[in-house]
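One structure is given here, and the rest of the page talks about it.
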Amino acid sequence: MTLPLLTSEQFVTYFLNGLSRGMIIFLVASGLSLIFGLVGLINFAHGSMLALGGYGTYVLVGLVGSFWAGLAVSVLAVAALGLLLERTVLRDLYDEPLLGFLGTFGIGLVIQEAVAVYFGSQSLTVASPFPGSVSLGGVDYPAYRLLVIVVGAAVALAVGALLSRTRLGLEVHATANRQGTAEILGVDTSRVFTITFVLGTALAALAGALTAPITSISPTVGLGYMTTAFLVVIVGGMGSFKGSLVASLLAGQIIAFGWLVLSPTYVNIAIFVAAMVFILYKPRGFFGKPEVFE
Amino acid sequence: MTRRRQYIKATGIAGLAGLTGLAGCNSGGGDGGDGGSTTSSSSSSSSGGGEPVKIGALLPLSGPFAATGQENQRGLKIGEQYLDGQIMGRDFEIVYKDNKSDPNASVQGARELVEQENVDAIIGPASSGNSIAVMEYIAASGKVPLIPTTASSTDARDKCNPYTFFIWPSNRHTVPVGVDFIQKLPNYVDRDIDPSKVHFVSLDYSLGQNNLELTKQAMSDVGGEVTGSTLVPIGESDWSSYISEIANSDADVVTGILTWGAAAKLIPQATSYGLTEDKTMMFNSGKPVGQYAASTMPKDCVGWYGTHFYNPAKESDINTEFQDLYGGLDSNLLPNSVAGGGFEILRSVAAAMEAQNSAAVDDVLNGLSGLSWDSIFGEISYRESDHQSKLDFVGATRVASDGDVPTFKSLEEYPDVIPDATCSV
Amino acid sequence: MNVEIPSFDIGRRARRVLLVAAIVVALIVPIVSPSNVSIATEALIVALFALSVDLALGYTGLLTLAPAAFFGLGAYTLAKLVVDFEQSFWLGFPAAVVIAALAAFVVGYVPIKRRIGNVYFALFTLAFGTVAYDFTYVTTEITGGSNGLGFFVPPALFGVNLATPMNYYYFALVVVGVLSIGTYLLLRTDYGDILHATRQNEQRMRYLGYDTDRERMIAWTFSAALSALSGALYVGMVGIASPSYLSFDRTGEVIIWVIVGGTGTLTGPFSAAILLTFVQDALSNVWLEGYHLLLGVLFVLFVFLLPDGIVGALLGDDD
């Protein structure tokens, strides 16, 4: 297989494609990583939270007309749903991995099917708030995808700062590290769990809202992203926010450039096989911390 | 274990057992209310007599082809209204089965329609791959008239299945028309383009694979070539890598064939990359110039070219009535060819039954063969030799208009298109 | 003051009566309700599938998300042999077993030997299942891709044409009956006790001298082979294999049956699969667009309220 020589415009285009894709994956994966790393819950409902974020935006844009207002309200609404779920049913499942997995799987399934019943199974398009392209590095690149990259980066910085520089972040680390000790020292671990879950869910909803103008939404839109996110989390390391960022961006670039070498479905397969190898030999991934749930 | 839990469990189990009993009652199609023979197992039709006519509709109501299937369903529903719910003076009912855009569920669904529901004919599936699977089942055991809605691959047509009829054009209809229209594009496009080189884009299944082969052949017949192809896996939602591949190609013209789902991804994403400024996009079977794109992507589809066999502005009584009936539906789309396909297929089945005054399999087959009628697509008929239809095509584009919807502009006309028969039933 | 609370266990005699009743019903279905024969055949075959999954998931405690991969592997093996290589239909079954067992061994050896833990095993099998599905979809030359691999009809057996619904039903009944009763009896022996004990406390079993990795490997492989056989039976009934055999939806569906029936009970998932196949069919006639939703709700209710499943609950504290 000979690698074709790329012009600089092509390189920039593919690199930006990879970034925009990677950012969406990151938003999904980071939430999953936090939830899994802290709480130990395999949250199979995560994908449907993404879908709800997309559908919420679709509905609100139809009602209100503004994409950003629609996005904001949708993310908040899904976060509220996450809060409700965590407070009522999910917190009882933290100690039972099988039930946790099955329970969230069931909830995800119900949400997906409810959406299909209400909206139908076909893809729905959300008009892009910034149609048209922008000139960048000699290349005309879709403006909206650039925006996705910017938003993703901003979120990464904000949440990263939250985790490393605030008291809440300290409490999250402490609870992940040694829950018992943290409680003795006065950390309300149950509140930490709730906040983490809600934050993770909000990130998934944001991903769904952001991706809607690019790829359009359908009831199963979250499944593909969620599966990729799980594996990215493995490679990046469970519970590691930084790890999920690095692995997501890497996955995005692999998908964006991989098609030059292999057909895209084979690239996907390669990523999954790589994840399988990681699970076997390096389950903590690159950045995972030993104290996080094994 | 406490008494209360015993009660809950007992009730739960009784309830589920009751549901099973209900299941037994409900799925005993012929045993139900329509008076069909209770001992029939695989015999398919209820002939003559006064029993209601049952028509099966095997459509993708979920999965990647759901948009097409749901629209076919709309066409069937307004067809029912058009017929006032009656064929041969008796009530008729349409039994819907979801084939989930999948060959396995398609064959299962066909089986259920024939064995459990005893339908007199089946309308559907929508996609080529699934239609081929069902056709084989019908020829081997099902043995009822089968009319797929939008299957275009020639793999389906070349087998001349005596039970199957096609209203929709095949790739052999559309490709020669498309290639000819491409050669005429320099007359309509503002910049210099070389119509002898094309890049081909479609989905990676029988429709696209088949269309690619035929396009290569047809291009070579006019002294041109297909310089490259992009076949996208079904269900892929982010087309950025594929758009990159298309942008990289040598050809000035991009052609191919799309499903609605694919068009919903390609058209907005390609426009966002500014692809239409570098390449001329000309697709077969309507997608960029048809009503679907015009209603869901009105700004993005302007400037795309396409060949189509439904001209929404065509003046005819039946077209007016179809559009009126469609307007009564709760749909955010304009009246379109996919709904029209469902509508006209139902009309043709009803017409065949009325002509023969019977719903028996052999009578319906005789009635359909050679049947000719005035449809929203113009006058069409099922050719006796291979059950394909002759259709009028146009090469067209969409131009911006004052209103919400861009205007359909017909540029070239191709009347009476039908390929030579490759087999005989 | 102690009141004797009667247990709701079904006694041994009741179980026998139920079993006989079930056999009688199974035998007369095609005669009494001929239009339901196809559904009944499908119900039997997926009951075997559910049984095979319970063997790995419930009985041995291997949290697998890849059962559809083995189901599909069995189906495609048979379809490929019949359609592309024009071999005998009967060759398809042993071929399915061999290929599935090999695949299971290759895929499962390292995870099981390394004892990677439930959560990781689930994700590993999830990845494997996705790879299998994508591979089937994309390698159009080998598998037919999304067009599927088919169409064929089963041949005659001892002069009986299996291509009619009723005959194939009895054929499936015999095969499913033999395999499921065989598995059930096998697990009632010491071997089953070993597996059961391993699931409950692996460390203790190891200290007692059992090679738990080997036992789990065997159970895993056996489960995969049984799944593949059910896939082969299924494709014989339908006539075409397609990527949907390996889809995550199919895995989800069988896991629902296992949970509702009761993990580890074997009879539970078997019966739940049959029951729910009929229920799903009835519901799809009533509410075509939305019956999946009801199933999902049912599943969630079971997970949260009745995690032992129907049979698990009926068996009470037998565990």
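Values in this document were obtained by computation on a predicted structure and should not be read as measured data. Chain letters run A, B, ... following the sequence lines, proteins first, then strands; residues in each count from 1.
- Residue with the most contacts toward chain A among C:Leu65, C:Leu301, C:Asn118: C:Leu65 (heavy-atom pairs, distance under 4.5 Å).
- Closest heavy-atom contact between C:Arg114 and A:Leu280: NE-O, 3.0 Å.
- Few gaps surround CZ on C:Arg206; more than 12 heavy atoms of other groups in view lie less than 6.0 Å from it.
- For A:Leu102, the parts lying near chain C are the backbone and the side chain together; criterion is any non-hydrogen pair under 4.5 Å.
- When all heavy atoms are compared, the tightest approach of C:Val110 to A:Tyr281 is CG1-OH, 3.5 Å.
- Proximity to chain A (any heavy atom under 4.5 Å) is restricted, for C:Ile256, to the side chain, taken from C-beta onward.
- C:Ile255 touches chain A through its side chain: at least one heavy atom from C-beta onward sits under 4.5 Å away, while N, CA, C and O do not.
- Between C:Phe248 and A:Phe44, the ring planes are parallel. Angles under 30° get that label, and only those over 60° would be called perpendicular.
- Note on residues 241-260 of chain A: no pairs pass side-chain hydrogen bond (donor to acceptor under 3.5 Å, both in side chains), not counting sequence neighbours.
- Within residues 108-120 of chain A, the residues approaching chain C closer than 4.5 Å by heavy atoms are, in numerical order, A:Leu109, A:Val110, A:Glu113, A:Ala114, A:Val117.
- When all heavy atoms of C:Val138 and A:Ile269 are compared, the pair lying nearest together is CG1-CD1, 4.4 Å.
- No side-chain heavy atom of A:Phe272 sits less than 4.5 Å from a side-chain heavy atom of C:Phe128.
- Using a 4.5 Å cut-off between heavy atoms, C:Asp134 touches chain A through backbone and side chain atoms alike.
- Heavy atoms of C:Phe299 lying under 4.5 Å from chain A belong exclusively to its side chain.
- Contacts between C:Ile259 and chain A at a heavy-atom distance below 4.5 Å involve the side chain alone, from C-beta outward.
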